Peer 1: 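Submitted below is the structure of interest, expressed as structure tokens.
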Amino acid sequence: MKLTVRVFAAYADAIGSDHAVITVAEPATVGSIRSAIAALSPLLPPHPVIAVNEAYATDDVAVHSSDEIAVIPPVAGG
Amino acid sequence: MKLTVRVFAAYADAIGSDHAVITVAEPATVGSIRSAIAALSPLLPPHPVIAVNEAYATDDVAVHSSDEIAVIPPVAGG
Amino acid sequence: MSRSGIVDLPIDVSAIVGEVQAPGHGAIATFLGTVRGSSGKRVVTGLEYSAYVEMAEREMADIVREAAALASGAEVVAVHRVGNLVVGDSCVMIAVGHAHRGPAFDACRYVIEEIKKRVPIWKREHYADGSTEWVNAAAPQARAAGTSA
Amino acid sequence: MSRSGIVDLPIDVSAIVGEVQAPGHGAIATFLGTVRGSSGKRVVTGLEYSAYVEMAEREMADIVREAAALASGAEVVAVHRVGNLVVGDSCVMIAVGHAHRGPAFDACRYVIEEIKKRVPIWKREHYADGSTEWVNAAAPQARAAGTSA
């Protein structure tokens, strides 16, 4: 299936866009889609932090085509 | 010598005034004048806290007639 | 009432203090983060904060709820500003009202520490020489964070 | 510039925060003490703060100096109000500006704790039934306090 991934801050600069489309096998989990996300740019880390539906997600979380997926660079608020 | 003692808050209510005059022997120290201050009212504690020249004073501090003496009730600021 | 949010207008300190004042609250602790004029050896002329707004608001709301649970009876307001800020502007404010000062300080401190760890907000510093740089202060450490960050 | 004082007018929160803002201060911690509407089981209608003003100002100045020494580079403002206050009024405010939040929080906390221990200020609560009472929160614990309190 195809997934649109939201991309922010330094990672958005790295790929030149605030989103990217990846193609992954089903059934998918955060663990199974991570490498496809990391492959978006050599400037991304090999194991980027992923959010699903606006929450940090562990590797075992299932991913469906309707989910909102995002890749989260190191945060710097405050 | 005679000393004027400044008296505040609950202690001022106890003696009915914001100051009192005590007569003490010379040379005087905070330790030697404390009982005369405590005697101003039975509502004062036997060993009240004394300030000399706007600073908390230990028993060994010398007291002269020109010093500003005060008796300090438990504080309640903040 | 406790609340939190991502905002794009200046932070009104008095108004937020007023929100956590109540007859039962003898203690109000606040924290205000402001844009500093230097970063390491470089002169900072401005800062650009961006956020994954929907998620940032959810994380902020979680943190405020956690703080209010830690300090039972606390009223907690936390706001973080995004957009272009100049040196001296406030970027984040936390205010906690409580009956007692200990829980008020503790809850206030908790909120700023957690914001810095978890809320998906990023900042890009603009330097006097015209260059810019994303500031990587922390890898996100959510309680449910990925195994690899 | 660090300062302290006993005041008899309302405390202007924004103005005091402004005093400790500086390009080098990324963190501002504040504490605001306000008059609570109850004390134990009794309904408080107002509070009367009085002070040995000259000594209170000296003690406040000492405490501010100590806090600025603890948190090197801190700017510290501390004011305590005296006179007749009603429920919700602010009686004390402390603001600390520092490069970093840890020292800012620590210095702020230090100042309020020491004010409560050492500064010769007293309060009399006025109750709904018309009675009044001096509140004895603490025997003064100056570093140079008398041996017997």
Side-chain angles (χ1 to χ4, degrees), chain C residues 10-18 20-40 43-47 73 85-102 104-113 115-116 123 125 135 137, chain D residues 10-18 20-40 43-47 73 85-102 104-113 115-116 123 125 135 137:
Chain C
I11 292 171
D12 184 337
V13 173
S14 291
I16 290 176
V17 167
V20 301
Q21 281 181 320
H25 294 164
I28 294 165
T30 78
F31 178 80
L32 197 63
T34 65
V35 176
R36 292 171 63 193
S38 62
S39 176
V43 176
V44 175
T45 55
L47 239 88
L85 279 70
V86 298
V87 173
D89 280 346
S90 297
C91 54
V92 62
M93 179 169 176
I94 297 132
V96 178
H98 194 275
H100 303 291
R101 66 191 183 283
F105 273 112
D106 292 346
C108 187
R109 186 80 194 255
Y110 178 83
V111 172
I112 183 63
E113 298 299 335
I115 286 175
K116 287 184 170 265
K123 69 178 169 191
E125 289 183 340
V135 178
Chain D
I11 292 171
D12 184 337
V13 172
S14 291
I16 290 175
V17 167
V20 301
Q21 282 181 318
H25 294 165
I28 294 165
T30 78
F31 178 80
L32 197 63
T34 65
V35 176
R36 293 172 63 194
S38 62
S39 175
V43 176
V44 175
T45 54
L47 238 89
L85 278 69
V86 297
V87 172
D89 280 347
S90 297
C91 53
V92 62
M93 179 168 176
I94 296 132
V96 179
H98 194 273
H100 303 292
R101 66 191 183 284
F105 273 112
D106 292 346
C108 188
R109 186 81 195 255
Y110 178 82
V111 172
I112 183 62
E113 298 299 335
I115 285 176
K116 286 184 170 269
K123 69 177 167 190
E125 290 183 338
V135 179

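What you are looking at is a predicted structure, and each value in this text was computed from that prediction instead of being measured. Every chain is numbered from 1 and lettered A, B, ... according to where its sequence line falls, protein lines coming before strand lines.
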Peer 1: Given that the side chain runs from C-beta out, which part of D/Cys91 has a heavy atom under 4.5 Å from chain C: side chain, backbone, both or neither?
Peer 2: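 Neither part, no heavy atoms under 4.5 Å.
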Peer 1: With a 4.5 Å cut-off on side-chain heavy atoms, are C/Leu32 and D/Thr30 touching?
Peer 2: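 SC-SC contact between D/Thr30 and C/Leu32 ruled out.
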Peer 1: Using only atom types and a distance under 3.5 Å, with no angle test, would you say the side chain of D/Thr34 pairs donor to acceptor with the backbone of C/His25?
Peer 2: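 Checking the backbone N and O of C/His25 against the side chain of D/Thr34, a donor-acceptor pair under 3.5 Å is found.
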Peer 1: Please flag which part of D/His100 lies under 4.5 Å from any non-hydrogen atom of chain C: side chain, backbone, both or neither.
Peer 2: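 Just the side chain, heavy atoms under 4.5 Å.
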Peer 1: Name the member of C/Gly97, C/Ala95, C/Ala27 that forms the most heavy-atom pairs with chain D at distances under 4.5 Å.
Peer 2: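 Highest number of pairs under 4.5 Å: C/Ala27.
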Peer 1: For D/Val35, is it the side chain, the backbone, both, or neither that has a heavy atom closer than 4.5 Å to a heavy atom of chain C?
Peer 2: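 Only the backbone of D/Val35 comes within 4.5 Å of chain C.
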Peer 1: Check whether D/Ala99 gets within reach of chain C through its side chain, its backbone, both or neither, counting any heavy atom under 4.5 Å.
Peer 2: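 Both parts, backbone and side chain.
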Peer 1: Quick check for you: among C/Glu113, C/Gln21, C/Met93, C/Arg101, which has the greatest number of heavy-atom pairs under 4.5 Å with chain D?
Peer 2: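 Of the candidates given, the most pairs with chain D belong to C/Arg101.
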Peer 1: In terms of heavy-atom pairs under 4.5 Å with chain C, which of D/Ser90, D/Gly26, D/Ala104, D/Gly37 leads?
Peer 2: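 Answer, by heavy-atom pair count under 4.5 Å with chain C: D/Gly26.
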Peer 1: Would you check if D/Arg109 and C/Asp106 make a side-chain contact, meaning some heavy-atom pair closer than 4.5 Å?
Peer 2: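 Heavy-atom side-chain distance check passes, below 4.5 Å.
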Peer 1: Hey, do the aromatic rings of D/Phe31 and C/Phe105 have their centres closer than 6.0 Å?
Peer 2: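 Under 6.0 Å, so yes.
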